[in-house]
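Each chain gets a letter, A, B and so on, in the order its sequence line appears, and its residues count up from 1. Computed from a predicted model, the values in this text were never measured in an experiment.
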Amino acid sequence: MNEQMNYKEEILISDKKLRNKTIISFIVFLLLLVAAVFAWKKLLQQPKVAAAPKPLRTVLNLNENFFSNFLSNKHLAKRYPLSAAAKHVRVNGNVGIGADFDPYAWKLKVIRNPGDTLFLSLQDIRALPKTDIIFDFKCIEGWSQVTHWAGVKFSDFAAKYDLNAQTQMKYVGLATPDKKYYVGIDILSIMHPQTILCYEMNGKPLPINQGYPLRLIIPVKYGIKHLKRIGTIFFSNERPPDYWFEQGYDYYSGL
Amino acid sequence: MKKVIKKHPIAIRWFHWVNFPVIAIMIWSGLLIYWANGVYRLGWSDKTVLKFFPDSFYKALHIPFRLAEGMSIHFVFMWLFAINGFIYVLYLIISGEWRLIVPNRKSLKESLLVVMHDLHVRKSLPPQKKYNAAQRIAYTMVIIMGLGSVLTGLSIYKPIQFQSLCSLLGGYEWARAEHFILTLLFTLFFVVHIIQVILAGWNNFRSMVTGLDVLKAADEMIVTPLFINNEPGANRVAIAEAKNFEPGTRNAESDKNDVILEEEKIPSEDPGIDVEPGAKNSPSADENTSTEPGETNK
């Protein structure tokens, strides 16, 4: 036994002292254990902010501050060849794209300022330079799929419709025409060169269940931010309401 | 008197016990996340040998439909896991403790002997310092696994911002699978670790709380001469010998002899019976100060 343990100095200690040391150590150990269990329970019982206990929500927001530093227009989602794009694109959610919708009457509403709203038709948007992207679409659930989309870069769109002042603000908000689904996105992410207002999938007009006539494709975010059937776009310095944020998810949800 | 070794510095104990609940929380919240796309399985084409995880497993642990909760916990406690692990490794490097953990040239061969010992194939363990060869390999592997979890985790958390890391790990899908496999390995480590701690016994567990490893054999060193001669007064010589004995000056050679002595004597004679009367009979003042009656053995 001894030779296995001579890695450190051996010391002699009275039984009494050893016993006291042991008792004190175990008391401290048990107190810390109880404190940890108590803190864990207390943490989950904290008042909720957007369905997440406040301390967790605070750290998630700090995570956004920290990791958004890495976001850059130079960091692009990996591009794939056309052959890699899925023929059967997964449909995962239909909130905000109900049957009560007239595609012929649709116009995109862009609220530039109070009382100054643009109404744009699909033809107006199709008239802008077209950008294709084939990338790995990532769902917050954990699956991903390489898919092929096309539309106008949001940054091109903003330049064309004179949204320079608006894109100096912190956030953009998007909502479906029925206002049942809505997302908020930080300006850096919406102005990312791969973010598009999308009207084509696999070279054809968007199917209804993929958000015809116009949806958002934003590779630097999880799928929850890729709003289908855009009705309204507006700008704000406050966080616009966000459907999944209200259900307890991270507001940023960036990749 | 007891002979002890300061086995685990307080820093090591702190890192260890912080890590335990943090890893548990990371695995738990990871399960809540994984459930939302629980696609991994062992099998080939249509045949599935083992599904990760069976529905009964999810139901029993109340895992379904808690993705948001899982993510919010996972992305908070990831900091504690990473920071605790980082400072731990820093401590190992600065304090030199890494020498006791990182495997050496003999470790691979010796670890087989340790495993054979633990499986009761072999009787004796090869000589070791703080940790045996199998422990060195296991504890070093688990540090590397921790680093692996941070890197695979980071590359599925921000795959575009850390794209070179993500591609290095084989891309997003592979990184997710690797992160999952590492979690299974952590769980396996945890199970084996708990079993080994139970088998190793109380002294070993206590040392991770108090830091002190109490050497039983050292006591018997003092006891051994006492039962050679039970006549009153004879103990004085034996105790004087025991007192002159300097722990620091021992070498491996004499230690080996000690072990042999111990093995030879303990089965034939029981010091618990022999020593006590001898110790009590002794009028020596030396004895009262150096060894208390009845406490010399154990």
Side-chain angles (χ1 to χ4, degrees), chain A residues 1-15 17-18 21-22 24-26 28-29 32-33 36-37 40 43-44 51-53 55-60 62-63 67-72 75-78 136 138-144 194 219-220 244 247-250 254-255, chain B residues 1-7 17 21 25 33-34 36-39 67-69 71-73 75-76 79 100 125 127-130 132 156-163 166-167 171-173 176 206 209-218 221 247-248 250-252 255-256 258-259 262 292 295:
Chain A
M1 265 316 252
N2 293 325
E3 76 172 311
Q4 297 164 7
M5 293 183 174
N6 59 4
Y7 55 91
K8 281 264 170 80
E9 193 191 355
E10 297 170 357
I11 49 168
L12 282 167
I13 183 170
S14 78
D15 290 59
K17 210 172 161 194
L18 178 63
K21 276 192 129 176
T22 305
I24 290 168
S25 294
F26 270 89
V28 171
F29 179 68
L32 286 173
L33 192 69
V37 172
W40 171 250
L43 172 68
L44 298 182
L56 296 183
R57 184 57 82 192
T58 306
V59 178
L60 291 183
L62 291 172
N63 285 350
F67 283 102
S68 61
N69 291 322
F70 296 93
L71 180 69
S72 152
H75 291 170
L76 299 176
K78 190 182 165 192
D136 191 24
K138 295 174 188 71
C139 178
I140 201 159
E141 292 170 358
W143 55 267
S144 70
Q194 291 178 312
V220 293
W244 288 108
Q247 317 273 325
Y249 288 85
D250 177 28
L255 291 167
Chain B
M1 295 295 273
K2 283 271 195 299
K3 190 176 286 176
V4 297
I5 282 177
K6 289 189 174 175
K7 188 181 183 186
W17 289 114
I25 289 169
I33 297 170
Y34 171 74
N37 186 39
V39 290
L67 171 62
E69 181 189 348
M71 291 182 110
S72 64
I73 294 169
F75 300 144
V76 170
W79 290 108
L100 300 170
L125 277 166
Q128 64 176 66
K129 290 194 170 182
K130 183 172 180 178
N132 66 44
I156 50 180
Y157 182 52
K158 302 290 168 197
I160 297 176
Q161 310 319 325
F162 303 111
Q163 193 164 114
C166 190
S167 336
Y172 183 74
E173 297 279 357
R176 184 176 187 261
R206 180 177 54 191
V209 177
T210 65
L212 301 176
D213 190 8
V214 181
L215 301 184
K216 277 186 202 156
M221 265 309 295
R250 310 175 73 183
N251 56 37
D255 281 348
K256 261 180 207 158
D258 294 341
V259 175
E262 196 185 307
E292 286 172 49
E295 290 192 3

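Residues Asp250(A) and Ser72(B) fail the side-chain proximity criterion, which asks for heavy atoms closer than 4.5 Å. Residues Ile160(B) and Phe70(A) form no side-chain contact, since every pair of their non-hydrogen atoms from C-beta on lies 4.5 Å or further apart.
Contact count versus chain B (heavy atoms, under 4.5 Å) is highest, among Gly248(A), Pro219(A), Pro55(A), for Gly248(A).
In this structure, CH2 in Trp79(B) is found 6.0 Å from CG in Asn63(A), a value given to the nearest 0.5 Å. One distance of note links NE2 of His75(A) with CD of Gln163(B); it measures 8.5 Å at 0.5 Å rounding. In this structure, Ile11(A) CD1 and Ile5(B) CD1 are separated by 9.5 Å, a value rounded to the nearest 0.5 Å.
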Worked check of side chain to side chain contact (heavy atoms under 4.5 Å, CB included) between Leu212(B) and Lys21(A): CA-CA 9 Å; Leu212(B) 301 176; Lys21(A) 276 192 129 176; 4.0 Å; yes

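If you measure heavy-atom distances from Pro159(B) to chain A, the contacts under 4.5 Å come from both the backbone and the side chain. Heavy atoms of Ala36(A) lying under 4.5 Å from chain B are absent altogether. Contacts of Leu32(A) with chain B are made by side-chain atoms alone, with heavy-atom separations under 4.5 Å and no backbone atom involved. Using a 4.5 Å cut-off between heavy atoms, Trp244(A) does not touch chain B at all.
Remark: Tyr172(B) pairs with no residue by the ring pair (Phe, Tyr, Trp, His ring centres under 6.0 Å) rule, at least two apart or across chains. Judged as a ring pair (Phe, Tyr, Trp, His ring centres under 6.0 Å), and not counting sequence neighbours, Trp143(A) has no contacts.
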